[in-house]
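So the structure is just underneath, and the comments pick up after that.
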Protein chains: 2
Amino acid sequence: MGVHFHKAKQNRIYQDVVEQIQNAILDGQIVPGDKLPPERELCEMFQASRGTLREALRILEQKSLIEIRLGMNGGAYVKDANAELMAENLAILIQSQNVSLRHLAEFREVVEGAVAELAAVRATATDKRKLADLIGQAAGYREQGPHLWDKFVHMDEKIHIELACVAGNPLYRFIHHSIHKNIHRYYDTLLIVGKDEMEENFRDLSAIVDAVVTGDAERAKRCAADHVRRFSAYMEQKKRHTPDR
Amino acid sequence: MGVHFHKAKQNRIYQDVVEQIQNAILDGQIVPGDKLPPERELCEMFQASRGTLREALRILEQKSLIEIRLGMNGGAYVKDANAELMAENLAILIQSQNVSLRHLAEFREVVEGAVAELAAVRATATDKRKLADLIGQAAGYREQGPHLWDKFVHMDEKIHIELACVAGNPLYRFIHHSIHKNIHRYYDTLLIVGKDEMEENFRDLSAIVDAVVTGDAERAKRCAADHVRRFSAYMEQKKRHTPDR
DNA sequence: AGTCTGAAATGGTTAAACCATTATAGACTA
DNA sequence: TAGTCTATAATGGTTTAACCATTTCAGACT
């Protein structure tokens with residue numbers, strides 16, 4: 001690998017090491033999938049001890065910039081998915097009780113609305129076909145009865161992701177991912193889908209996609225926001241009947 | 001399906017240390033301002049070596065859960081400002097060129113709109129007085145000429161923060177903080193405020209606050225979104241005239 | 001009363017050794 | 001020949017013990 005590191009300076013050496021490697025990654029000198037040299041070699045490059053170097057690696061790992069694998073062929077691999085960090089952050093905010101489920105729902109209403117609106121404006125013919133296809137699959141699972149209902153739930157997720165992609169602003173993808181990851185554990189216990197809920201959910205999704213395909217941004221926004229509102233209300237209600245977690 | 005297990009690896013002592021300390025913090029067993037014992041004592045408690053323990057501390061520090069100070073009376077102090085993380089995170093997304101300034105502006109338009117809307121609905125009498133007061137201060141700085149213009153710019157910031165607080169959803173505070181921190185370095189070089197820009201900015205702010213005070217949520221949303229749009233357009237324009245960064 | 005100084009507390013760094021996990025090549029077996 | 005076992009080597013994980021650097025503060029000295 002052709003990247004040149006210079007001797008680590010500064011008071012806190014590990015910080016300097018972090019910065020050098022981080023810059024190399026963010027500048028594209030090292031790309032996702034690449035492997036950094038083994039720790040012992042990095043030590044020589046940076047003229048630092050292994051302990052210090054490992055503290056730097058821990059920080060980079062926590063920033064989701066690298067992933068460290070064990071064993072032969074192990075080492076520090078440069079990662080791609082920057083979305084993980086946001087999810088982790090959000091998790092901490094929630095756990096420290098600064099942000100409640102209700103806050104999250106309120107925010108999600110706005111975000112999903114904006115996503116649907118943008119998607120309606122920006123969807124290409126290909127995007128529209130893809131969305132219609134996803135709705136078709138969901139319809140299929142819906143009809144085939146209870147044993148495929150969890151597949152249906154999964155489609156809901158896929159449709160939301162697709163909408164975020166169509167919207168064309170990566171921030172929305174990241175945010176959606178973060179929220180979903182954090183809300184997921186509530187799904188598992190609270191979201192026991194009955195036929196009625198599924199039908200309603202399907203109607204909501206169809207309405208959103210229909211509005212997007214039609215290019216009716218205003219309606220898309222309204223439908224998406226309504227969808228989230230109904231869904232959140234449903235979750236709140238379930239939660240009240242499932243005492244204390 | 002539904003349930004997600006993760007590999008049950010006992011190894012990686014530092015992870016275990018991180019979890020124990022993090023839980024203690026998030027559960028409130030240790031509160032912000034508290035100091036953890038010195039490294040050497042923690043080593044004994046966890047029965048781990050200092051190197052391992054320090055790797056754990058680096059992770060907690062990167063998570064903004066603790067802050068480490070040097071010298072006598074130094075050590076690991078528990079922090080409470082969780083907003084830093086999100087900012088750091090967003091910075092990485094931007095620097096890795098996954099998110100552009102334009103994306104950020106587009107998102108901000110939606111967010112500031114939602115904040116103003118919520119604020120209009122939820123503002124108490126006290127909130128309204130506070131907002132009116134801030135606008136008053138801004139008006140004062142505006143009139144007293146160029147030497148106070150940077151104070152005026154600062155007021156703009158304060159008003160946005162206050163709106164986010166009034167909106168009553170902490171997520172918006174965190175998001176605003178993140179965006180602001182990341183957009184700030186552009187301010188410094190691009191935002192040379194002339195009298196016209198300041199006047200326009202002041203009109204925008206007044207309009208937003210007026211709508212909020214009046215309780216006109218719809219208008220507040222529109223004014224805030226317009227404000228961000230104008231501001232972003234102004235920045236884009238400046239940027240084109242300031243070749244390459 | 002003010003200033004200097006040095007000791008103590010604490011994090012930062014180093015070095016060398018050993019343990020644990022994993023991929024793989026090559027030996028062994030069916 | 002095909003499959004399976006095994007030894008080996010590459011690499012991260014952990015320990016230990018020592019020393020360096022920074023900061024505070026009590027007490028000495030103006």
Side-chain angles (χ1 to χ4, degrees), chain A residues 1 3 5-22 24-25 30 32-79, chain B residues 5-22 24-25 30 32-79:
Chain A
M1 75 171 229
V3 190
F5 295 118
H6 61 75
K7 180 176 179 195
K9 50 171 185 232
Q10 230 184 271
N11 281 351
R12 300 212 278 194
I13 297 179
Y14 64 83
Q15 267 302 345
D16 193 57
V17 174
V18 166
E19 273 161 38
Q20 286 192 54
I21 298 181
Q22 171 167 328
I25 293 175
I30 327 177
D34 281 1
K35 197 181 86 164
L36 296 182
E39 291 183 352
R40 285 143 176 111
E41 274 181 48
L42 285 172
C43 290
E44 288 202 0
M45 294 188 194
F46 288 109
Q47 289 289 299
S49 75
R50 220 175 137 211
T52 300
L53 183 103
R54 281 174 58 84
E55 291 186 28
L57 292 182
R58 287 284 89 75
I59 291 173
L60 290 166
E61 189 182 43
Q62 177 57 33
K63 285 189 179 197
S64 298
L65 288 170
I66 62 173
E67 172 197 351
I68 289 170
R69 300 191 203 139
L70 246 62
M72 200 185 197
N73 281 9
Y77 288 83
V78 177
K79 276 183 69 172
Chain B
F5 294 116
H6 64 281
K7 188 171 179 182
K9 51 172 114 179
Q10 162 62 48
N11 345 346
R12 299 233 255 188
I13 298 179
Y14 64 83
Q15 268 303 349
D16 193 53
V17 173
V18 165
E19 272 161 38
Q20 288 192 53
I21 298 181
Q22 171 166 327
I25 294 175
I30 328 178
D34 281 2
K35 197 182 86 165
L36 298 182
E39 291 183 352
R40 288 150 176 102
E41 275 182 45
L42 285 172
C43 291
E44 288 201 358
M45 294 187 191
F46 288 107
Q47 288 292 301
S49 75
R50 218 173 139 214
T52 301
L53 183 102
R54 280 173 60 84
E55 291 186 29
L57 291 183
R58 288 284 88 75
I59 292 173
L60 290 166
E61 188 182 43
Q62 179 54 36
K63 286 189 177 195
S64 295
L65 287 170
I66 62 174
E67 172 198 350
I68 289 170
R69 301 190 202 139
L70 247 62
M72 201 185 194
N73 280 9
Y77 288 82
V78 177
K79 280 179 66 172

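Just so we're clear, the structure is a prediction, and the values are computed from it rather than from any experiment. Lettering of chains follows the sequences in order, A, B, ..., and the numbering in each one begins at 1.
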Could you tell me if the side chain of B:Ile68 sits less than 4.5 Å from the side chain of B:Leu60, heavy atoms only? no
Would you kindly check whether a donor in the side chain of B:Arg40 faces an acceptor in the base of C:dG11, or vice versa, at under 3.5 angstrom? yes
State whether the distance check finds a donor on one side and an acceptor on the other, under 3.5 Å, for side chain B:Arg50 versus base C:dG12. yes
Restricting to non-hydrogen atoms, name the atom on B:Ala76 and the atom on B:Ile66 that form the minimum distance, rounded to 0.1 Å. CB-CD1, 4.0 Å
Integer-rounded Å distance: C:dA8 C1' and B:Leu70 CG: 15 Å
What is the distance, rounded to the nearest whole Å, between atom CG of A:Leu42 and atom P of D:dA10? 17 Å
Return the nearest nucleotide to the side chain of A:Met72; candidates are C:dG12, D:dG12, D:dA10. D:dA10
Contact class for A:Ile68 (heavy atom, under 4.0 Å): base, sugar-phosphate, or nothing? sugar-phosphate
Is A:Arg54 close enough to D:dG13 that one of its side-chain N or O atoms is under 4.0 Å from OP1 or OP2 there? yes
A:Arg12 atom CZ is separated from C:dT10 atom P, nearest whole Å, by 17 Å
Atom CG of B:Leu36 and atom C1' of C:dA9: how far apart are they, to the nearest Å? 16 Å
Whole Å only: how far is the CD atom of B:Glu67 from the C1' atom of C:dT10? 15 Å
Under-4.0 Å side-chain N/O to phosphate OP1/OP2 contact, B:Thr52 with D:dG13: no
With a 4.0 Å cutoff (strictly under), does any side-chain N or O of B:Asn73 reach OP1 or OP2 of D:dC25? yes
Roughly how many Å is it from CG in A:Leu57 to C1' in D:dT11, rounded to a whole number? 12 Å
Salt bridge A:Lys79-A:Glu67, side-chain N to carboxylate O under 4.0 Å: no
In short, A:Tyr77 meets A:Gly33 closest at the heavy-atom pair CD2-O, 3.7 Å
Working note: B:Arg58 + A:Glu55, criterion salt bridge (Lys or Arg N to Asp or Glu O under 4.0 Å); need CA distance, chi angles, decisive distance, verdict. CA-CA 6 Å; B:Arg58 288 284 88 75; A:Glu55 291 186 28; 2.6 Å; yes
Round to a whole Å and report the spacing from CD of B:Glu44 to P of D:dT15. 13 Å
Which residue, A:Gly71 or A:Ser49, contacts DNA chain C at a nucleotide closer to its 5' end, judged by nearest heavy atom? A:Ser49
Between C1' of C:dA9 and CZ of B:Arg69, the distance in whole Å: 15 Å
